[in-house]
Visitor: 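Structure incoming, see below.
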Amino acid sequence: QVQLVESGGGSVQAGGSVRLSCVASGDTSRDYVVAWFRQAPGDRRKGVAAIYTDNGMTYYEPSMKFRSDISQDKAKKTVYLQMNNLKREDTAMYYCAAAPEERVSDPLATVYFTSWGQGTQVTVSE
């Protein structure tokens, strides 16, 4: 099992950028899929972006593909989510999640992820 801690959220004006960080600890020796999800009030949790830690392959929710970038620093056991040109509808709690790679069929589906962070809030204002 891996433990995850997110940081980097906050309040930002529309059009601005934010970089979220997800630091992993625990059993990090395996190959994982690490993904970012977000959940707005009254809405279900949805995938934003994911990365396979062994080969760096990335996946994006289509609406975020050209406004975000997921990356990793293996030495720091950290996965980042850079989001640009933020809009009010990007306001949500953002969660980092991880799952052993062999268990994941869809890297943006919550059902496959067994380890979750506590979340970090991103609020976008006009």
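Note that this is a predicted model, so its numbers are computed, not measured. Residues: numbered from 1 along the sequence shown.
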Visitor: Atom OG of S125 and atom CG of L86: how far apart are they, to the nearest 0.5 Å?
Guide: 10.5 Å

Visitor: Is the shortest side-chain heavy-atom distance between S17 and Q82 below 4.5 Å?
Guide: yes

Visitor: Has the side chain of K74 got a donor or acceptor atom that lies under 3.5 Å from a matching backbone atom of T53?
Guide: yes

Visitor: Using a 4.5 Å cut-off on heavy atoms from C-beta on, say whether the side chain of D90 contacts that of M83.
Guide: no

Visitor: Any pair with a residue in residues 42-74 that passes disulfide bond (SG atoms under 2.5 Å apart), sequence neighbours left out, goes on the list, sorted by first then second residue, please.
Guide: none

Visitor: Does a side-chain heavy-atom distance below 4.5 Å link P100 with T114?
Guide: yes

Visitor: Kindly compute the distance separating OG (S68) from CH2 (W36), expressed to the nearest 0.5 Å.
Guide: 11.5 Å

Visitor: Rounded to the nearest 0.5 Å, what separates atom OH in Y59 from atom NZ in K65?
Guide: 11.5 Å

Visitor: Counting only heavy atoms not in Q13, do more than 12 sit closer than 6.0 Å to its CD atom?
Guide: no

Visitor: Got a donor-acceptor contact below 3.5 angstrom from the E6 side chain to the C22 backbone?
Guide: no

Visitor: To the nearest 0.5 Å, what is the distance between OG on S63 and CD on E89?
Guide: 9.0 Å

Visitor: Taking a hydrophobic cluster as the set of Ile, Leu, Val, Met, Phe, Trp and Tyr residues connected by side-chain heavy atoms closer than 4.5 Å, whether directly or through intermediates, do I70 and V48 fall within one such cluster?
Guide: yes

Visitor: Count I, L, V, M, F, W, Y as connected when their side-chain heavy atoms are under 4.5 Å apart, and connections chain through other members. Are L108 and Y32 then in the same cluster?
Guide: no

Visitor: Applying the 4.5 Å side-chain criterion to the ILVMFWY set and letting contacts propagate, would V23 and V34 be lumped into a single cluster?
Guide: no

Visitor: Could you give me the CA-CA distance, side-chain angles and deciding distance for S71 and D73, then say whether side chain to side chain donor-acceptor pair (under 3.5 Å) is met?
Guide: CA-CA 7 Å; S71 61; D73 184 329; over 6 Å; no

Visitor: Determine whether V18 and Y95 fall in the same hydrophobic cluster, where Ile, Leu, Val, Met, Phe, Trp and Tyr are linked whenever their side-chain heavy atoms lie under 4.5 Å apart.
Guide: no

Visitor: Let me check something: do Y112 and M57 share a hydrophobic cluster, defined by ILVMFWY side-chain heavy atoms less than 4.5 Å apart, either directly or through other members?
Guide: yes

Visitor: Is there a side-chain contact between Y52 and D31, using heavy atoms and a 4.5 Å cut-off?
Guide: no

Visitor: Taking all non-hydrogen atoms of both residues, which atom of V104 and which atom of A99 are closest, and how far apart?
Guide: CG2-CB, 3.6 Å

Visitor: For residues V2 and S25, report the shortest heavy-atom separation together with the two atoms involved.
Guide: CG2-O, 3.0 Å

Visitor: Do you know which two heavy atoms are closest between S21 and T78, and how far apart they sit?
Guide: CB-CG2, 4.2 Å

Visitor: Are the side chain of T91 and the backbone of V124 linked by a donor-acceptor contact shorter than 3.5 Å?
Guide: yes

Visitor: Where does the angle between the aromatic ring planes of F37 and W116 fall among parallel (under 30°), tilted (30 to 60°) and perpendicular (over 60°)?
Guide: tilted

Visitor: With rounding to the nearest 0.5 Å, note down the distance linking CD in Q121 to CD in Q39.
Guide: 10.5 Å

Visitor: Under the disulfide bond (SG atoms under 2.5 Å apart) definition, can you give me all pairs with a residue in residues 32-93, not counting sequence neighbours?
Guide: none

Visitor: Please find the pair of heavy atoms, one from A14 and one from E126, that lie closest to each other, and give the distance.
Guide: CB-OE1, 3.9 Å

Visitor: As an exercise, state the distance from CG of D106 to CZ of F113, rounded to the nearest 0.5 Å.
Guide: 8.0 Å

Visitor: Does Y60 reach the side chain of D69, with side-chain heavy atoms less than 4.5 Å apart?
Guide: yes

Visitor: Between M64 and R38, is there a side-chain heavy-atom distance shorter than 4.5 Å?
Guide: yes

Visitor: Step by step, work out the side-chain contact (heavy atoms from CB on, under 4.5 Å) result for E101 and D54.
Guide: CA-CA 9 Å; E101 195 173 295; D54 60 342; 2.9 Å; yes

Visitor: Provide the closest heavy-atom pair for P107 versus V33 in the form atom of the first, atom of the second, distance.
Guide: CB-CG1, 4.0 Å

Visitor: Quick one: does D27's side chain get under 4.5 Å of Q1's, heavy atoms only?
Guide: no

Visitor: Check whether R67 reaches the backbone of N85 with its side chain - one donor and one acceptor, N or O, closer than 3.5 Å.
Guide: yes

